[in-house]
Structures are given as C-alpha cells and as structure tokens.
2 protein chains.
Amino acid sequence: MSTKNKILDAAESLFADKGFNGTSLREITSQAEVNLAAVNYHFGSKKELIKAVMSRYMNELSPRLESALVDVCNNDELTLVDVFSAFIEPLLSLNDFKDNGTSNFLQLLGRGYTDSQGFLRWFLTTQYPGVIDNFVLAVQKAYPELGAEEMFWRLHFTMGTVVFTMSSSDALIDIAKSDFERDLQISDVIRNVIPYVAAGVGAPMPVL
Amino acid sequence: MSTKNKILDAAESLFADKGFNGTSLREITSQAEVNLAAVNYHFGSKKELIKAVMSRYMNELSPRLESALVDVCNNDELTLVDVFSAFIEPLLSLNDFKDNGTSNFLQLLGRGYTDSQGFLRWFLTTQYPGVIDNFVLAVQKAYPELGAEEMFWRLHFTMGTVVFTMSSSDALIDIAKSDFERDLQISDVIRNVIPYVAAGVGAPMPVL
DNA sequence: CGTTATTTAAAACGCTTGTTTAAACTGAGC
DNA sequence: GCTCAGTTTAAACAAGCGTTTTAAATAACG
C-alpha cells in the first residue's frame, strides 16, 4: 500500500475517533507507520489532508446518492420513509469500498460540523451541491405542503439527528447490547433512525 | 465582580463559541482581564473550570426542569408536544439568570457531547439523573405504546437533534436571516424544533 | 552504469498549550 | 503598625503542535 493511502486510512479512523483538532499529525503518521514529514510532502498541510479524507468518501458516495434520490422520485406515491430509505444502500455500499466505511464516514461528517468552525460544512455544500439539491427535490415531492422555510429547518434538524447519532453510534450500540442484549450493527442504527427523521420532517405544519 | 465570576463568564462565552478544546486559558483570562494563573488558582485545572461552567447552569436549570416535567404529567391528555414544551420555560428562564443564558447553555451542551470524548456526557448523566428520569416518565405517559428499546433510541435521536441544532444555532440563525430575511432568536429555534422531535418520538412503531 | 527525480528519514524550528513557581501585593484582625 | 492568609502578578516550565529543512536512501530512465 502506498504511503499516501496509509496516511489516509490512519487519518480517517483517528479523525473519526477524536475529531480533527483532537488528532495530531504525529498520531496519524505513527499509526500509519510513515514519517511525520510525509503528510506535508504528500498533502501540503493538515487542512488539505482533512479535505482529502472527506473527498475520498464523497467521490464514491455522491454519485450513488444522487442517482438513488433521482430513482426514488419516480415513485408516484412517494413517502418520506422512501426518501430517507434511499440513503441506506449507498451508505452501506461504503462498507464494500472500505471496512467500516459507513461508520467512519458518518462520524467524520459529524466531526466536520462541530470541529473547525464549520469549514467542512462549507466544503461539502460547495463541492457536492448535487446531493442536497436532489434530496430537497425528493422531500418536496413526498411532502409538497412543506414550505421552504420549514424545509430548511427540518433538514438541518435531520442532519443533526443523523450526524450526532452516527458520531456516537459505537457508544449507542454498546449500551443497546448491555441494556437489551441486542447485537446491533451500524445498519440497524440507520434503519432505526429512518422512521424518526421521516416523522420529524413529516410533522404537521405548526400554526404560528 | 469577583475574579472567579469574571473567569466563569468569559470561559462560558468562549467555550460556547469555539468549543472546550478550541479555547485556550490565555484567551479566557485575557477576555476576563485577569491573570493567567488565576484559573489554576481558583479552579485547579481547565477540566474543573469546564465542570464549574456547566454546574452553574445545571444547578439553576435542573430543579426547574424536574418540576416542569412533574407538573406536565398531571395533564390527563398528555401529548408529546406538551412534554417537550415543558422545556421551553425553564430554558428561557436562563436568560433572566444570565444574558443569552439559553443560547450559551445549549451550545455548551452540544460542545460537551462532541468535544472531549464524552466526559461531559458522563458528568451530566451521573450528576443530574433526575431530569432524565422524569423526562422518560413523561414520555411514557404521553406515548405508552412506545417500548423501552424504541424509547432508548428515540431519546438519543432527540438529544442529537437538539444538541446539534443548538450548537450550530448561531450559524442557522444567520442563514435564516440571509435566506428568508427573518430575524430569529434562540427561542424561535426551540419552538421550531419541538414539532419535529415530538413527531419523531411519536412515530409509529416500525414493524420489524 | 550514471544521472536525475522522487521519496523517506531525523532533526530542528517557532509557536502555543496547560501548569507551576516564586515573588509581590492586598486587606482584615490583633 | 505588623502579621499573615488570601490573591494577584510576571516569568518560566515542559510538552505538544504543524511545519520546514537538510541529508540520505530509493526508484526511474537514458
């Protein structure tokens, strides 16, 4: 395996565990068993390394997500559960692309929203706008009465639910095991969260 | 104002803005206009300072929350919206206790769940278990069909929604202003999120 | 084989971090 | 007025950070 990929793999798992700010280049290069200077040689800076880690996933995920969302729009009796379920297969396909890919990616997404004052939010929304656009279209078709402003809020709430859940999914799976003697996978967590966010987005419009 | 309180106030607003790890003691003491060593003199360590900032809020908030949740359980036709609405008044009362208290507290809560590998989660759940217990009781009364396992998941999803939303509430309010020309407050965000989480927790049980 | 470009290696740089030290100051109480 | 605990101060500490530099090792190619 190339030095570049060893760095990407190590950075990915450490970033997911301890956040971007909380992970040092020395930890990364030590786990990757490469020299410290290799990061700056191959990527230029830590910030560029973060972008590279995220891009590796997004380049794999975003076309699959977009086409899944376009597909689901052909459904004539589209429900919000259908829309959110469209995420399952593309997300789980990350596990083929890389072991534990789903978990790491969603955790990284969560980190990006809270670490580093939202520069990753800017990065994703500007670099991969197609996913968001198609998602909004699908939600609009499934729930046409939802106004633009409510849509804005509820999609952010949903992002929060998913991102937060996934960034602590390991802990949640542990608790589920000890409290309910359930051996769950990340896919079970995803399937659990879908009825929740679908109901949240589909909540009746409040009378203000 | 005492040095101790000057430190607490400065730490609070900086922690809310930039996270616990992202804020240095030098920034805090500089904004508080006190000497750097004063933090370690009065609080012992940065970690203890974080706990002190959170405790100042929780000691104010937790009895009000508990009694509001007990009160709402007297409602014979209790809905989930009622349960979540019980949080509004205690949270907004933090603004009397301190300017911008609600905003700061909820942002701090969000930080605590993502920064510092969840030590704050442990701190809150072990130090203030009464709030959680009463909350679970209220949800059970409003939605008795909800099983213990579903309850567990949905309460965590809700925690995620609220915590994530509030930790990025400033950014969301900014976007709402530029996109919809709305001048919103933190209380508007709270009122917006309630129908969402109530619908999420109240989602029909999935048929597995 | 020899030369050139690429990659690794170790060390150091300048800076920031949380914490500690030791001295100076402050203000009651005797 | 002196004492002494309680505070504040400036300076320094050791450790960790991202990054840069210099030299050695490796690979590619004519």
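Lettering follows sequence order; numbering is per chain, from 1.
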Distance-only donor-acceptor hits, side chain of residues 30-41 of chain B, under 3.5 Å, sequence neighbours excluded:
{"residue": "B/Gln31", "atom": "NE2", "partner": "B/Ser13", "partner atom": "OG", "Å": "3.2"}
{"residue": "B/Asn35", "atom": "OD1", "partner": "B/Ala37", "partner atom": "N", "Å": "2.9"}

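Taking only distance into account, the side chain of A/Arg26 never meets the base of D/dG16 through a donor-acceptor pair shorter than 3.5 Å.
Here the side chain of B/Lys18 pairs no donor or acceptor atom with the backbone of B/Thr23 at under 3.5 angstrom.
We find the CG-CZ distance between A/Leu109 and A/Phe164 to be 14.5 Å, quoted to the nearest 0.5 Å.
Distances shorter than 4.0 Å separate none of the side-chain N or O atoms of A/Ser45 from OP1 or OP2 on D/dG18. Between A/Ser24 and D/dG16 there is no side-chain polar atom (N or O) within less than 4.0 angstrom of OP1 or OP2.
Going from atom CG of B/Asn21 over to atom P of D/dC17 covers 12 Å, rounded to whole Å. To the nearest angstrom, C1' of D/dT8 lies 14 Å from CG of B/Asn40. Note: CD1 (A/Ile50) to P (D/dT19) measures 10 Å, nearest angstrom. The OH-C1' distance, from A/Tyr41 to D/dA23, rounds to 15 Å in whole Å. For the pair A/Leu36 CG and D/dT20 P, the computed distance is 12 Å after rounding to whole Å.
A salt bridge links B/Arg64 with B/Glu60: at least one charged nitrogen is closer than 4.0 Å to a carboxylate oxygen.
Aromatic ring pairs are classed by plane angle as parallel below 30°, tilted from 30° to 60° and perpendicular above 60°; the pair B/Phe135 and B/Phe87 is perpendicular.
Within the 4.0 angstrom heavy-atom criterion, no nucleotide atom of any strand lies near A/Ser2.
The nucleotide range of DNA chain C contacted by chain A, defined by atoms under 4.0 angstrom from heavy atoms of the protein and reported 5' to 3', is C/dT6 to C/dA12.
Around the CD atom of A/Gln185, the shell of radius 6.0 Å holds no more than 12 heavy atoms that belong to other residues, nucleotides or ligands.
Nearer to the 5' terminus of DNA chain D, by closest-nucleotide assignment, is the contact made by B/Ala38 (compared with the other of A/Ala37 and B/Ala38). Both B/Asn35 and A/Lys46 lie close to DNA chain D; mapped to their nearest nucleotides by heavy-atom distance, the more 5′-ward contact belongs to B/Asn35.
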(request) Apply side-chain contact (heavy atoms from CB on, under 4.5 Å) to the pair B/Leu155 and B/Met151, showing each step before the final yes or no. (result) CA-CA 6 Å; B/Leu155 293 195; B/Met151 167 89 80; 3.8 Å; yes
